[in-house]
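Naming: A, B, ... by sequence-line order, numbering from 1 per chain.
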Amino acid sequence: MAKDKKVAGPEARLPKGFRDIRAAELSATRAMLDTIRRVYETYGFEELETPAIEYTDALGKFLPDQDRPNEGVFSFTDDDEQWLSLRYDLTAPLARFVAENYQSLPKPFRRYATGTVYRNEKPGPGRFRQFTQFDADTVGTESLAADAEICMLAADTLEALGIARGDYVIKVNNRKLLDGLLESVGVNLSDHVARLAVLRSLDKLDKFSREDVALLLGPGRKDESGDFTKGAGLGEKQIAVLLDFVMQPKLSRSERDAIVRTAGFEPVDAFGDGLAELDQIGELVEKAGYGADRIRIDFSVVRGLEYYTGPVFEAELTFEVKDEQGNKVRFGSVGGGGRYDGLVERFLGQKVPATGFSIGVSRLQAALGVLKGSAAADVAPQGPVVVLIMDKGELPRYQKMAQMLRSAGIRAEMYLGTSGMKAQMKYADRRGAPCVVIQGSDERAKGEVQIKDLIEGAKAAAAIADNKEWKESRPAQVSVKEEDLVATVREIIARHGGAD
RNA sequence: GCCGCCUUAGCUCAGUUGGUUAGAGCGCUAGAUUGUGGAUCUAGAGGUCUCCCGUUCAAUUCGGGAAGGCGGUACCA
């Protein structure tokens, strides 16, 4: 039998890294999106929707020196043999939109957008190949006030989602500063490979110890499976300065310079510029009332490597939770962003500075689920009232009852299967129905209906062990006149707080 | 991509030092109860023991390879 099934057709299976999402989780997601939207709108951002597919060159993701798109993006060709790709974030499409509509947009242009994005990468726990982001961006100003505001928006949003102050932090750094620091200690910035190797190593400070990161910056490191990661090849003195600097964000301005100088290096201009920008953002948010418990300078934040040009932000959850096995789970980054002054310029040829922030909704939702206890996070929504079929010859009557309930704004359905009453009760139970409507020939003759409160019934049942008694007592079941059907059902739903 | 571990029922897992009919719990279906979801009891369905190749009289068990999963690491625009 099973054999026949197998050869009869394709195997029903979900592509790796993708998920089916059911009603309970979807309603939690929708609530989150509504909350985020509300916060973004109070900041004055306007909504924009762009398609899930863009021309690959608009995303800027062709492999260098090949006419094939970057691995990592899902791509295909259309009938005209043009490369198309699924968007991998919401920022590149925004840049395309702004460039295409530049004349008609108010500047600065401030928009928010939400949608699913796609990445053709190895999935991991909490990491999928399709996930939802929620972005806000300000395009067309180089004012650092825009960056400061983005950080405040991020903090406000996380708190609106129920994350307590202290359970998260918005970390801020500056790419100019990092590049300036590297240049100051003698890293050749035009050597792209070397620069990325160093930045990536520094980015791992939240994951690895100082010693391990030092190995990555220097000769390389062996991971616990025995695999070897090639290092950036820096000298001990360079490594010491980088780590000393990056790991101590609270230093004063002169102390910062001193770390670089005492090792015999001369700070370059970009280093000072980056520091000045950071200080300015720090002052802006602080004067707006956002202290270091919410927004904090952290020199180890690197973020994505391709297009950021100035300040970068990262939203991190700081609480620790244990999973079922008792292992510590850290959620880390649930959002990030930064300034990308070159993205629109790619299309327009003129400089259009921009800054923005993106929340990883799917990841944040997973984290919130653990924070609040998964039971509370995914509450199954209440199902519809189910009208049972006691007499197949009376379908129109039952359909009419369902219709009356619907007209009164109550979600209701007539049982559409063909099984007996027991199976129908089971069905109603599984759907999460608050109550069922029963009318057999006896009730019909009297112009009545039986209404059984399933939620109350389940409670009553707990006290009754004997099946016969349970059946005969018919807990939480009332008989009412047909014309009182709607009122009685409404009362039951209201009692269970399901009047939404 | 690289490294390590894993794969037996829908789920969680026993088990077979290579030998007739491979088990449990949970779940599912049905009956006890011809009009009542729970609980209890009874019965039933459900497995090419992931796949392919090899060793062997004999492989779910041993060897090799593949696929899938988990974890680490790399990448993550």
Using a cut-off of 4.0 Å on non-hydrogen atoms, how would the nucleic acid contact of [X] be classed: base, sugar-phosphate, or nothing?
{"X": "Asp89(A)", "result": "nothing"}
{"X": "Lys122(A)", "result": "base"}
{"X": "Gly60(A)", "result": "nothing"}
{"X": "Phe208(A)", "result": "sugar-phosphate"}
{"X": "Thr91(A)", "result": "nothing"}
{"X": "Leu388(A)", "result": "nothing"}
{"X": "Val73(A)", "result": "base"}
{"X": "Arg430(A)", "result": "sugar-phosphate"}
{"X": "Lys459(A)", "result": "nothing"}
{"X": "Gln439(A)", "result": "nothing"}
{"X": "Ala458(A)", "result": "base"}

Tell me the interatomic distance from [X], atom [atom1], to [N], atom [atom2], rounded to whole angstroms.
{"X": "Asp429(A)", "N": "G27(B)", "atom1": "CG", "atom2": "P", "result": "14 Å"}
{"X": "Met425(A)", "N": "U29(B)", "atom1": "CE", "atom2": "P", "result": "15 Å"}
{"X": "Leu199(A)", "N": "C75(B)", "atom1": "CG", "atom2": "C1'", "result": "15 Å"}
{"X": "Phe228(A)", "N": "C2(B)", "atom1": "CZ", "atom2": "C1'", "result": "13 Å"}
{"X": "Arg339(A)", "N": "A77(B)", "atom1": "CZ", "atom2": "C1'", "result": "19 Å"}
{"X": "Leu196(A)", "N": "C76(B)", "atom1": "CG", "atom2": "C1'", "result": "12 Å"}
{"X": "Tyr427(A)", "N": "G38(B)", "atom1": "OH", "atom2": "P", "result": "17 Å"}
{"X": "Ile451(A)", "N": "U36(B)", "atom1": "CD1", "atom2": "C1'", "result": "15 Å"}

Pairwise [atom1] distance for [N] and [M], with rounding to whole Å:
{"N": "U16(B)", "M": "A22(B)", "atom1": "C1'", "answer": "8 Å"}
{"N": "C28(B)", "M": "U33(B)", "atom1": "P", "answer": "22 Å"}
{"N": "G1(B)", "M": "G38(B)", "atom1": "P", "answer": "48 Å"}

Please confirm whether any donor atom in the side chain of Gln477(A) sits under 3.5 Å from an acceptor in the base of U36(B), or the reverse.
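Yes.
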Counting only distance, no hydrogens or angles, is the base of G1(B) paired donor-acceptor with the side chain of Glu121(A) under 3.5 Å?
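Not at all, since no donor on one side and acceptor on the other fall under 3.5 Å apart.
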For a quick test of reading the model: is some side-chain N or O of [X] closer than 4.0 Å to OP1 or OP2 of [N]?
{"X": "Lys452(A)", "N": "G35(B)", "value": "no"}
{"X": "Arg200(A)", "N": "A74(B)", "value": "no"}
{"X": "Lys16(A)", "N": "G69(B)", "value": "yes"}
{"X": "Lys422(A)", "N": "G37(B)", "value": "yes"}
{"X": "Lys222(A)", "N": "G72(B)", "value": "no"}
{"X": "Arg221(A)", "N": "A74(B)", "value": "no"}

Watson-Crick or G-U wobble partner for [N], using a 3.5 Å limit on both distances?
{"N": "G37(B)", "answer": "none"}
{"N": "A77(B)", "answer": "none"}
{"N": "A30(B)", "answer": "U42(B)"}
{"N": "U61(B)", "answer": "none"}
{"N": "G47(B)", "answer": "none"}
{"N": "G69(B)", "answer": "C5(B)"}
{"N": "U16(B)", "answer": "none"}
{"N": "A22(B)", "answer": "none"}

Among the nucleotides C75(B), G37(B), U73(B), which one has an atom lying closest to any side-chain atom of Arg127(A)?
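Ranking C75(B), G37(B), U73(B) by closest atom to the Arg127(A) side chain puts C75(B) first.
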Most 5' of Ala423(A) and Asp442(A) on RNA chain B, judged by nearest nucleotide:
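Comparing both residues, the 5'-ward one is Ala423(A).
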So Leu94(A) and Leu90(A), side chain to side chain contact (heavy atoms under 4.5 Å, CB included) or not? Walk me through it.
CA-CA 6 Å; Leu94(A) 168 66; Leu90(A) 299 173; over 6 Å; no
Which atoms form the tightest heavy-atom contact between Ser362(A) and Phe131(A), and what is the distance?
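Closest heavy-atom pair between Ser362(A) and Phe131(A): OG-CB, 3.4 Å.
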Tell me the closest heavy-atom pair linking Ser75(A) and Thr56(A), and the distance in Å.
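For Ser75(A) versus Thr56(A), the nearest heavy atoms are OG-OG1, 4.3 Å.
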Among Phe45(A), Phe134(A), Phe357(A), find the one that has a ring-ring contact (aromatic ring centres under 6.0 Å, His included) with Tyr112(A).
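Testing each of Phe45(A), Phe134(A), Phe357(A) against Tyr112(A), the sole residue satisfying ring-ring contact (aromatic ring centres under 6.0 Å, His included) is Phe134(A).
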Under a 4.0 Å N-O cut-off, is there an ion pair linking Glu121(A) with Arg129(A)?
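Between Arg129(A) and Glu121(A) there is no salt bridge, as every charged N stays at least 4.0 Å from the carboxylate O atoms.
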Using the six-membered base ring of A77(B), report whether Tyr88(A) stacks on it, requiring centroids under 5.5 Å and planes under 30° apart.
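Tyr88(A) ring centre within cut-off of A77(B) base, planes near parallel; stacks.
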List for me each residue that meets side-chain hydrogen bond (donor to acceptor under 3.5 Å, both in side chains) alongside Glu413(A), sequence neighbours excluded, and say none if there are none.
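Here the qualifying residues are Tyr427(A), Arg431(A).
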If you measure only the distance, is there a donor-acceptor pair under 3.5 Å linking the side chains of Glu316(A) and Ser333(A)?
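No.
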Could you give all pairs that pass the salt bridge (Lys or Arg N to Asp or Glu O under 4.0 Å) test and reach residues 342-360 of chain A, with sequence neighbours left out?
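For residues 342-360 of chain A: none.
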